[in-house]
S.K.: 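Okay, handing you the structure first.
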Protein chains: 2
Amino acid sequence: MLKLSKKTDYAIILLTHLGEMHMPVSAQELSAHYRLPHPMTANILKQLVTVGMTESVRGQHGGYVLARPAEGVTLAEIVQVMDGPFTLVDCVHQEEGCKVSQCCSTRGALIALHRRMEQFMEETTLASIIAESQLDLTSQPSQDHGTAHLS
Amino acid sequence: MLKLSKKTDYAIILLTHLGEMHMPVSAQELSAHYRLPHPMTANILKQLVTVGMTESVRGQHGGYVLARPAEGVTLAEIVQVMDGPFTLVDCVHQEEGCKVSQCCSTRGALIALHRRMEQFMEETTLASIIAESQLDLTSQPSQDHGTAHLS
DNA sequence: AAAAATAGCACTAAACCAGTGCGGATTGCT
DNA sequence: AGCAATCCGCACTGGTTTAGTGCTATTTTT
């Protein structure tokens, strides 16, 4: 299915939240705020620590902070960490072409789509997500979830 | 996982092939040519008939043909038929916003990515895939028919 | 009648996803 | 010192999806 996994989706939401804060936020708070199952939230945050995207503060009033500025965290990286390497179709990463390359006409088109997605995800950072959401807040409260700013 | 299912991938390949031919091609021939499991191939082609993308010719020397000109069959449609509706994240299709919309900053960016992918898939037709592959043909003398991991 | 092909079902094994649980370590507060 | 909040690391489970298989019937050509 051409779909982000829930874990990836959650990770994006959580990281974006951390990017807006400048003090540790606990898994507890995050799961309550977004109504996500607490163990899920905790697992995701733990995983993000192990790959160096967040840092943790232990003990009471502890929590998580972004390990790097929000400008430096791309959507591509988040997807890669949570979902594994992005591979629209397997042959994208088979450098010498698939085994039936001389009769398969579709590789070019699929790789083109793959590249476009990849590029968009590379360009989109937590900072740009935050910036866009700020715009929406000022213009319209809830209709017409502003789209095109990133396009 | 952000990936096309194998069935979708196979469908694209098979339809592209049919788009290049102008006579019925049997499931037998197709599965042999691309080294795909025959029952798989047959199932996919049958499914494509039921949704009106291909037509079948029964009996000896029968097979499948495109039901419509290759210009009118989009990648979006194929994905939709084989994989179900394209939904990068669930909230893309929740018109009134997700339950935490007022605190979720990420919807805009994900919808932007979704729209881009959708647009590319709408623009890409079997005809354009075929056209592109014709260009590549000028430089591919590979002669390897090992296993068929095309996707 | 035999052969080649599609039609329509139903089934299975394996992988993956989403979510849960628990015992332990670390820190802050009282 | 003791307690509570919090992170840490690992393992487990139930359910869904994917990929692939099988069988019987029907249609058409030779």
S.K.: Treating primed atoms plus P, OP1 and OP2 as sugar-phosphate and everything else as base, which nucleotides of nucleotides 25-30 of chain C get B, S or - for protein heavy atoms under 4.0 Å?
M.R.: -BBBS-

S.K.: To the nearest Å, give me how far apart CG (B:L45) and P (C:dG8) are.
M.R.: 14 Å

S.K.: Check nucleotides 10-17 of chain C against the protein and report each pair of N or O atoms closer than 3.5 Å, with its distance, or say if there are none.
M.R.:
none

S.K.: Relative to each other, are the rings of A:H114 and A:H93 parallel, tilted or perpendicular (30° and 60° limits)?
M.R.: perpendicular

S.K.: Using side-chain contact (heavy atoms from CB on, under 4.5 Å) as the criterion, list what pairs up with B:R58, not counting sequence neighbours.
M.R.: none

S.K.: Write down the distance between CE (B:M23) and P (C:dA5), rounded to a whole number of angstrom.
M.R.: 12 Å

S.K.: Are A:I111 and A:M117 linked, directly or through other ILVMFWY residues, by side chains that come within less than 4.5 angstrom of each other?
M.R.: yes

S.K.: How does the hydrophobic cluster around A:V57 look, that is, which other residues are in it when side-chain heavy atoms under 4.5 Å mark a link?
M.R.: A:V65

S.K.: Tell me every residue that passes side chain to side chain donor-acceptor pair (under 3.5 Å) with B:S26, counting only those two or more places apart in sequence or in another chain.
M.R.: B:E29

S.K.: Under 4.0 Å, counting only non-hydrogen atoms across every strand here, what does A:P39 touch: a base, just sugar-phosphate, or nothing?
M.R.: base

S.K.: Can you give me the first and the last nucleotide of DNA chain D (5' to 3') that has an atom within less than 4.0 angstrom of a non-hydrogen atom in chain B?
M.R.: D:dA19 to D:dT30

S.K.: Scan residues 47-66 of chain A for pairs that pass ring pair (Phe, Tyr, Trp, His ring centres under 6.0 Å), counting only residues two or more places apart or in two chains.
M.R.: none

S.K.: Sequence neighbours left out, what passes side chain to side chain donor-acceptor pair (under 3.5 Å) with B:T106? Give chain and number order.
M.R.: none

S.K.: Under 4.0 Å from OP1 or OP2 of C:dA5: is there any side-chain N or O of B:Y64 that close?
M.R.: no

S.K.: Show the atom names and distances, to 0.1 Å, of all donor-acceptor pairs under 3.5 Å that link a side chain in residues 37-51 of chain A to residues at least two apart or in another chain.
M.R.:
from  : atom 1 : to    : atom 2 : distance (Å)
A:T41 : OG1    : A:P37 : O      : 2.9
A:N43 : OD1    : A:K46 : NZ     : 3.4
A:Q47 : NE2    : A:V81 : O      : 3.4
A:T50 : OG1    : A:Q47 : O      : 2.7

S.K.: Please name all residues satisfying salt bridge (Lys or Arg N to Asp or Glu O under 4.0 Å) with B:R68, sequence neighbours left out, ordered by chain then number.
M.R.: B:E77

S.K.: List the residues meeting salt bridge (Lys or Arg N to Asp or Glu O under 4.0 Å) with B:K7, not counting sequence neighbours, and say none if there are none.
M.R.: none

S.K.: Hey, does B:A42 reach any base, or is it just sugar-phosphate, or nothing, if we go heavy atoms under 4.0 Å?
M.R.: nothing

S.K.: Please list, chain by chain and in numerical order, all residues satisfying side-chain contact (heavy atoms from CB on, under 4.5 Å) with B:A127, sequence neighbours excluded.
M.R.: B:A70, B:E71, B:T125

